[in-house]
Amino acid sequence: MIFVKSEDLKYGMRLAKPIYNKTGVLLYERNTRLTLQGIESVKNFGLLGLYILEPAEPVPPMTEEDLDFERFQTMAVFSIREELDNIIAGREPVNLKRLANAIITNYGRLDHKITFTQNLRSTTDYVYKHVINTAILCALISAQVYYTPTEQEELVLAALLHDIGKLLLPNKVREKYDDYDTNDLIIVKKIQNDGLGLLRPEIGIDSGVRRIVAQIHRMEYGNSNLEQGKILKSTKILKVANLFDTMTCMKISEEAISEIAAIKYLLLNKDEFDEEIVGALIKSINILTPGVCIELTNREKGLVISENPQNILRPVVLGFSTNKIYDLSNNGVYRRYQIVDIMKTMDNRIKVDRERLEEYMNKR
């Protein structure tokens, strides 16, 4: 799978991912071959480019839930764009609470993990896609820590609104995404305060939502002066969700890190990120599940054949070159071998042959 910019699309290229319109209607299915009319349509949609299958590449497996997730992401991005633009213009957001409750309905009441696939971002849509994904992660985490519906709504609304100030940034700063230098941070901090000022009771933004957004800004940009006991649990959830999405998102300018690298970072920095909340995130999304290709510390590439629910960093792995089974739940094995990182496709989705997986599992 490769990413091809809109201006470089060619007749006959096959789509690796479906394309939906703002209402969620499927416009182009996966494996569809591009026509000249289709290429013009893509340019008219304002898309920077498309994920394209390489000539001999099979269509990557996707479940119905995966497809629904991508469809929901697309619809939600169009929706939040309208709502944030309304707030910036001083108007009351019409469908903001409806969007928050749609996110909670879809992802705040699940009893299983989901595959959290990322979408490509540019300077023009980065904020919209980021707040939607952060809100989805907040909904997932809040379900694991038994939030009430009222608490969930407040948290998800804060996630949707927390980066509104970045829409006001000068282009030269916005183009850096979150890779800011010291001078940029001064500008971002001021702009985020301006954004907080837009979240007024007169347009229907509750004080509880505003408080979470204010706290996350103070924690992110220093000079917080926040006593640990006064930091809201919702702020801690938003902090974890915000950073996880930022670290793993797909950007044109740089390569994203894997989910496992992001999780390792969160787990290692226990003083900064609440351990219970990071654990709730781990329980919400698929990371080292059967079918994931990994690299071990001995440089051998391998395949996860059995997940470890107690510790995701210690699954059972099949080595490709040696055909050896590494049971990382065994302390003796784990002292010698650990997982360095995940090997993934461009959009962070794993390619897996389920029948072959079952074959290896039966041989254990």
Side-chain angles (χ1 to χ4, degrees), residues 1-82 85 115-133 136 166-167 171-172 174-179 245-259 293 342-352:
M1 182 186 300
I2 57 174
F3 177 76
V4 179
K5 292 183 179 180
S6 293
E7 59 267 28
D8 297 326
L9 293 171
K10 305 294 183 186
Y11 177 88
M13 286 182 170
R14 295 181 300 140
L15 294 179
K17 301 180 74 172
I19 300 177
Y20 302 95
N21 68 8
K22 64 188 296 183
T23 61
V25 174
L26 180 66
L27 300 178
Y28 296 98
E29 179 59 271
R30 294 188 305 151
N31 208 32
T32 299
R33 289 190 179 274
L34 284 174
T35 62
L36 295 178
Q37 182 182 1
I39 292 172
E40 285 304 311
S41 296
V42 168
K43 293 177 180 177
N44 292 335
F45 293 153
L47 298 175
L48 292 172
L50 299 173
Y51 287 108
I52 297 295
L53 294 172
E54 297 185 73
E57 183 180 2
V59 181
M62 288 182 72
T63 65
E64 284 300 317
E65 187 174 61
D66 294 340
L67 291 168
D68 286 342
F69 183 79
E70 292 202 356
R71 177 175 174 271
F72 184 86
Q73 277 180 317
T74 301
M75 294 169 61
V77 166
F78 279 110
S79 181
I80 195 61
R81 185 190 297 266
E82 294 177 3
D85 288 351
T115 300
F116 187 76
T117 53
Q118 286 285 13
N119 39 23
L120 190 78
R121 302 177 191 182
S122 69
T123 53
T124 57
D125 63 15
Y126 176 85
V127 172
Y128 306 116
K129 290 181 176 178
H130 171 62
V131 298
I132 289 297
N133 275 9
I136 290 172
K166 289 185 179 178
L167 293 172
N171 285 337
K172 65 178 182 179
R174 239 175 122 175
E175 288 170 358
K176 297 181 180 181
Y177 298 96
D178 292 299
D179 188 22
D245 181 72
T246 299
M247 294 177 80
T248 60
C249 73
M250 304 296 295
K251 293 175 278 193
I252 290 178
S253 60
E254 61 185 89
E255 187 176 347
I257 71 168
S258 69
E259 291 104 323
C293 294
I342 298 172
M343 299 160 56
K344 289 198 144 185
T345 59
M346 276 194 68
D347 65 340
N348 285 0
R349 186 178 293 108
I350 307 301
K351 298 180 183 180
V352 57

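One is the number of the first residue; the rest follow in order along the sequence. What you are looking at is a predicted structure, and each value in this text was computed from that prediction instead of being measured.
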Listed partners of [X] passing side-chain contact (heavy atoms from CB on, under 4.5 Å), at least two apart:
{"X": "Glu40", "answer": "Lys43"}
{"X": "Asp68", "answer": "none"}
{"X": "Arg71", "answer": "Tyr20, Met75"}
{"X": "Glu65", "answer": "Thr63, His112, Ile114"}

I need the [X] [atom1] to [Y] [atom2] distance, nearest 0.5 Å.
{"X": "Ile132", "Y": "Phe72", "atom1": "CD1", "atom2": "CZ", "result": "7.0 Å"}
{"X": "Thr117", "Y": "Phe69", "atom1": "OG1", "atom2": "CZ", "result": "5.0 Å"}
{"X": "Asp125", "Y": "Ile80", "atom1": "CG", "atom2": "CD1", "result": "13.5 Å"}
{"X": "Thr32", "Y": "Ile19", "atom1": "OG1", "atom2": "CD1", "result": "8.5 Å"}
{"X": "Lys17", "Y": "Glu70", "atom1": "NZ", "atom2": "CD", "result": "4.0 Å"}
{"X": "Leu27", "Y": "Asn21", "atom1": "CG", "atom2": "CG", "result": "4.5 Å"}

Which heavy atom in [X] sits nearest to a heavy atom in [Y], and how many Å separate them?
{"X": "Pro18", "Y": "Leu67", "answer": "CG-CD2, 4.1 Å"}
{"X": "Thr248", "Y": "Ser258", "answer": "CG2-O, 3.9 Å"}
{"X": "Pro58", "Y": "Leu53", "answer": "O-CD2, 3.8 Å"}
{"X": "Gly38", "Y": "Tyr28", "answer": "CA-OH, 3.5 Å"}

Taking the side chain as everything from C-beta on, heavy atoms only, tell me whether [X] gets closer than 4.5 Å to [Y].
{"X": "Asp245", "Y": "Gln118", "result": "yes"}
{"X": "Lys129", "Y": "Cys249", "result": "no"}
{"X": "Met62", "Y": "Thr115", "result": "no"}
{"X": "Thr23", "Y": "Phe78", "result": "no"}

_Run the side chain to side chain donor-acceptor pair (under 3.5 Å) test against Glu82 and tell me which residues pass, sequence neighbours left out._
Lys22
*Which residue pairs pass the side chain to side chain donor-acceptor pair (under 3.5 Å) test when at least one of the two sits in residues 7-16, sequence neighbours left out?*
Arg14-Asn31
